[in-house]
Trainee: 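Structure in structure tokens, see below.
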Amino acid sequence: MFRFTAKALVCALSIGLAGLTQAADPVVIKFSHVVAEHTPKGQGALLFKKLAEERLPGKVRVEVYPNSSLFGDGKEMEALLLGDVQIIAPSLAKFEHYSKGVQVFDLPFLFDDMAAVDRFQASPAGQGLLHSMEDKGITGLGYWHNGLKQLSANKPLYEPKDARGLKFRVQASAVLEEQFKAVRANPRKMSFAEVYQGLQTGVVNGAENPYSNIYSQKMHEVQKYITESDHGLLDYMVITNTRFWNGLPEEVRGELRKIMDEVSAEVNRQAEALNQGDKQRILAAGTTEIIELTPEQRAKWREAMQPVWKKFEGEIGADLIEAAQAANRP
Ligand code: LMR
């Protein structure tokens with residue numbers, strides 16, 4: 001009888017202790033992404049880790065996995081839904097299976113500049129898109145800039161006809177496929193981690209990315225020309241697993257949200273300078289000529305690519321496209 005009671009006591013104690021340890025265990029947030037650390041997204045992830053661990057000591061631990069080291073861009077969304085990772089920040093081009101509306105960001109020549117992007121992302125329409133995937137288990141926490149995309153190739157691209165017949169790497173986006181088809185080039189979907197090799201081996205002849213991605217992946221070493229086209233946007237939506245997020249203790253969730261807002265503002269303040277710095281580094285490397293377009297040449301690219309808007313108007317919604325365009329008129 002005594003032995004039974006002692007055993008029960010030990011058992012109860014160890015369950016109690018386990019409970020205590022569990023309660024004291026920090027929430028682990030795995031933040032996985034596909035770019036290098038010295039990029040807007042790479043820096044944002046590190047700042048989020050720093051602030052979260054400073055302000056929620058012992059309550060939250062953030063593990064950042066850059067450079068597709070945990071999941072590549074083909075797998076990260078699935079991993080988020082399965083709970084294998086808690087935060088990711090895919091480019092807005094990678095949401096088409098989850099939200100048709102988010103495709104609006106891929107439309108070529110939609111935004112005049114990054115100030116217009118800021119206004120649209122802050123608008124009710126832009127904020128609405130952060131919540132457009134909650135029925136699928138995805139909650140948007142904010143937008144992070146990278147910036148405007150430039151075209152790169154091994155031949156100079158001044159006008160749309162120069163791209164004819166070339167194979168361009170695109171992200172997994174039907175809009176971007178159509179964008180290249182509109183200039184009679186051949187789009188080829190490829191994950192980010194494969195782009196350098198694709199360009200090096202000639203599987204593709206060209207690509208599109210902001211300077212920070214071109215430089216940090218050394219794409220300039222295998223591309224003789226970059227056309228400063230600013231023809232489209234590469235930004236991110238920072239997302240989390242809705243169930244995970246709603247299951248966090250309220251004070252932790254509230255603090256993390258504040259931190260995320262702060263980090264988003266900081267990333268968005270710094271992104272342009274980072275891209276301009278990388279443009280200078282590409283010039284200094286001497287591998288690549290950067291072509292500046294005349295207004296007439298740029299107008300030709302716009303004219304050739306803009307018909308893509310009509311093709312996707314049904315899926316995206318004319319209202320959303322109009323709301324995005326309205327952001328060009330402050
Ligand atoms: C790309 O695939 O080119 C980009 O989306 C990579 C990134 O996350 O910036």
Side-chain angles (χ1 to χ4, degrees), residues 31-46 48 64-80 85 87-99 102-103 105-108 114 117 140-153 167-177 179-180 187-200 203-220 222-223 226 229-239 264 267-268 270-272 274-275 278-279 282:
F31 189 150
S32 166
H33 67 81
V34 300
V35 293
E37 288 192 336
H38 194 72
T39 56
K41 180 161 61 178
Q43 294 290 295
L46 291 175
F48 176 75
V64 179
Y65 298 91
N67 279 317
S68 308
S69 56
L70 190 59
F71 296 106
D73 51 14
K75 284 271 178 283
E76 61 181 12
M77 200 73 99
E78 202 183 311
L80 183 86
V85 53
I87 297 186
I88 58 174
S91 96
L92 296 167
K94 294 173 185 167
F95 285 88
E96 65 182 21
H97 296 305
Y98 303 90
S99 164
V102 177
Q103 294 183 109
F105 289 103
D106 274 352
L107 296 178
M114 292 307 289
V117 175
L141 298 175
Y143 291 106
W144 285 2
H145 293 336
N146 189 332
L148 297 172
K149 291 179 290 186
Q150 319 304 346
L151 292 165
S152 67
K167 288 173 278 175
F168 279 89
R169 177 269 171 168
V170 288
Q171 303 176 73
S173 152
V175 176
L176 297 179
E177 278 186 312
Q179 169 194 278
F180 281 107
R188 192 172 168 146
K189 287 184 185 169
M190 195 180 270
S191 70
F192 187 63
E194 292 170 348
V195 183
Y196 176 86
Q197 210 185 357
L199 290 168
Q200 190 188 35
V203 172
V204 284
N205 315 112
E208 53 166 5
N209 245 302
Y211 286 115
S212 59
N213 278 354
I214 297 175
Y215 181 72
S216 57
Q217 297 298 315
K218 302 188 193 325
M219 291 178 203
H220 60 292
V222 287
Q223 295 277 265
I226 294 173
S229 48
D230 286 341
H231 64 282
L233 177 72
L234 198 153
D235 265 17
Y236 307 107
M237 191 190 288
V238 186
I239 56 174
S264 302
V267 170
N268 294 349
Q270 300 291 339
E272 177 60 13
L274 225 148
N275 275 298
D278 283 343
K279 175 183 175 180
I282 292 170

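Numbers here simply count residues along the sequence, with the first being 1. Every number for a ligand or one of its atoms is a count from 1 in the order of the listing. Side chains are part of it too, since the values below use all heavy atoms of this structure and drop only hydrogens, waters and symmetry mates.
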Trainee: Quick check on Gln197: does its CD atom have over 12 non-hydrogen neighbours (other residues, nucleotides or ligands) under 6.0 Å away?
Mentor: no
Trainee: Do the side-chain N and O atoms of Ser212 and Asn146 include a donor-acceptor pair separated by under 3.5 angstrom?
Mentor: yes
Trainee: Using side-chain contact (heavy atoms from CB on, under 4.5 Å), reason through Met77 and Ile239 one step at a time and then give a plain yes or no.
Mentor: CA-CA 9 Å; Met77 200 73 99; Ile239 56 174; 3.5 Å; yes
Trainee: Output yes when Lys149 and Asp230 qualify as a salt bridge under the 4.0 Å nitrogen-oxygen rule, no when they do not.
Mentor: no
Trainee: Using a 3.5 Å distance criterion without hydrogens, assess whether the side chain of Asp278 forms a donor-acceptor pair with backbone atoms of Tyr215.
Mentor: no
Trainee: Considering only N or O atoms, set out every pair between ligand 1 and the protein closer than 3.5 Å, with distances to one decimal place.
Mentor:
residue: ligand 1; atom: 2 (O); partner: Lys94; partner atom: NZ; Å: 2.8
residue: ligand 1; atom: 2 (O); partner: Arg169; partner atom: NH1; Å: 3.4
residue: ligand 1; atom: 2 (O); partner: Arg169; partner atom: NH2; Å: 2.8
residue: ligand 1; atom: 3 (O); partner: Arg169; partner atom: NH1; Å: 2.7
residue: ligand 1; atom: 3 (O); partner: Asn209; partner atom: ND2; Å: 3.1
residue: ligand 1; atom: 5 (O); partner: Ser91; partner atom: OG; Å: 3.4
residue: ligand 1; atom: 5 (O); partner: Lys94; partner atom: NZ; Å: 2.9
residue: ligand 1; atom: 5 (O); partner: Gln171; partner atom: OE1; Å: 2.7
residue: ligand 1; atom: 8 (O); partner: Lys41; partner atom: NZ; Å: 2.7
residue: ligand 1; atom: 9 (O); partner: Asn213; partner atom: ND2; Å: 2.9
residue: ligand 1; atom: 9 (O); partner: Tyr236; partner atom: OH; Å: 2.5

Trainee: Got a donor-acceptor contact below 3.5 angstrom from the Glu208 side chain to the His231 backbone?
Mentor: no
